[in-house]
Participant: 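First the structure, then my questions, so here it is.
Quick note: residue numbers are just sequence positions, from 1. Because the structure is a prediction, the values reported are computed rather than measured.
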Amino acid sequence: MPLNIPGILAPFHLIIFPRLIVPGIVVKDIRQLDFPALYKAGYRGAVFDKDNCLTVPHEDRLVSELKQAWQECRDTFGPGNVLVVSNTAGSHTDVGEIEAESVTHHLSVPVLRHASLKPSYSCIKNIRAYFASLPQPIRDDQLVVVGDRLLTDMVMANRMSRKRPAVAAAEGEKTPLMDGQVSEESLVHPERVGPLAVWTEGLWKREALALRLLEKGMLRGVERWLLKPHEVTWRENVQCRFVKPLPVPEKPVKEGWTSKLWARFAA
């Protein structure tokens, strides 16, 4: 893994803007994301990290458990509207772009070529340029950014957002929830306009555990001490609307000795 200077500097940015580390949605993996519901709510494209989000670290093949969810994601958003942004494949360390070509082959989506690593503003600029170049351009607030790292993926997603105009924010706060239902207005962040940041906290392979523990501690501190009630409500609303339970794996049926005996005599 190359030295990530933007990632090293991210904690210092959090001193000024600690909410940069806060995801909008937390899931174990992408199987919990309701992609049709996201599309219905106005999201038109998605940015994915690769390692420990879609693949086992340092591999290019999709984790087998994610095949159905990944297919649903690509079918929902359409060709070219799903982009992999990795700090390995497609970065300046990917000599000859060999890994990027391999990831594109195995995941059937484009990989962003970028010279500066996440969560740098240069990388954000490249992401925006890609989605602006599509036949139907996609704005930042129409994107879902999915990743497993708080200090890179979530900080990058939140850096892409901007402060919501005061009038729009006030109008959004006037919309009440009725009988536990999640209204369309309640899905609009009251203070920010930008991508929906989705954190996948499950790991396909254990790595950088000390750093991940530090990230989680920072997140818990921000959630406990800094988030306002309406921010908490907004996160609960989007979590309720766009997250579904993990599929329950089918357990093989074990035949008892009586069943086996009956089958032998029946034959």
Participant: Between Asp141 (side chain only) and Val193 (backbone N and O only), is there a donor and an acceptor less than 3.5 Å apart?
Facilitator: no
Participant: By salt bridge (Lys or Arg N to Asp or Glu O under 4.0 Å), which residues pair with Glu97, not counting sequence neighbours?
Facilitator: Arg113
Participant: According to salt bridge (Lys or Arg N to Asp or Glu O under 4.0 Å), who are the partners of Lys205, at least two apart in sequence or on a separate chain?
Facilitator: none
Participant: Can you check whether Ser102's main-chain N or O pairs, donor with acceptor, with His106's side chain at less than 3.5 Å?
Facilitator: yes
Participant: Hey, could you give me each pair passing ring pair (Phe, Tyr, Trp, His ring centres under 6.0 Å) that has a residue in residues 8-55? Not counting sequence neighbours.
Facilitator: His13-Phe17, Phe48-Trp70
Participant: Through direct or indirect side-chain contacts below 4.5 angstrom among Ile, Leu, Val, Met, Phe, Trp and Tyr, which residues connect to Phe131?
Facilitator: Val47, Leu83, Val85, Leu112, Tyr121, Ile124, Ile127, Tyr130, Leu134, Ile138, Leu143, Val145, Met156, Met160
Participant: Which ILVMFWY residues can you reach from Val95 by hopping between side chains whose heavy atoms are under 4.5 Å apart?
Facilitator: none
Participant: Short question: side chain of Arg44, backbone of Asn81 - any donor-acceptor pair under 3.5 Å?
Facilitator: no
Participant: Looking at Ser86, is its backbone amide N or carbonyl O close enough to the side chain of His114 to form a donor-acceptor pair, meaning the two atoms are under 3.5 Å apart?
Facilitator: yes
Participant: What about Val243 and Met154, same hydrophobic cluster or not, with Ile/Leu/Val/Met/Phe/Trp/Tyr joined at side-chain heavy-atom distances under 4.5 Å?
Facilitator: no
Participant: So, using salt bridge (Lys or Arg N to Asp or Glu O under 4.0 Å) as the criterion, who are the partners of Glu59 when residues are at least two apart?
Facilitator: none
Participant: Does the side chain of Thr93 come under 3.5 Å of the side chain of Ser91 through a donor N or O and an acceptor N or O?
Facilitator: yes
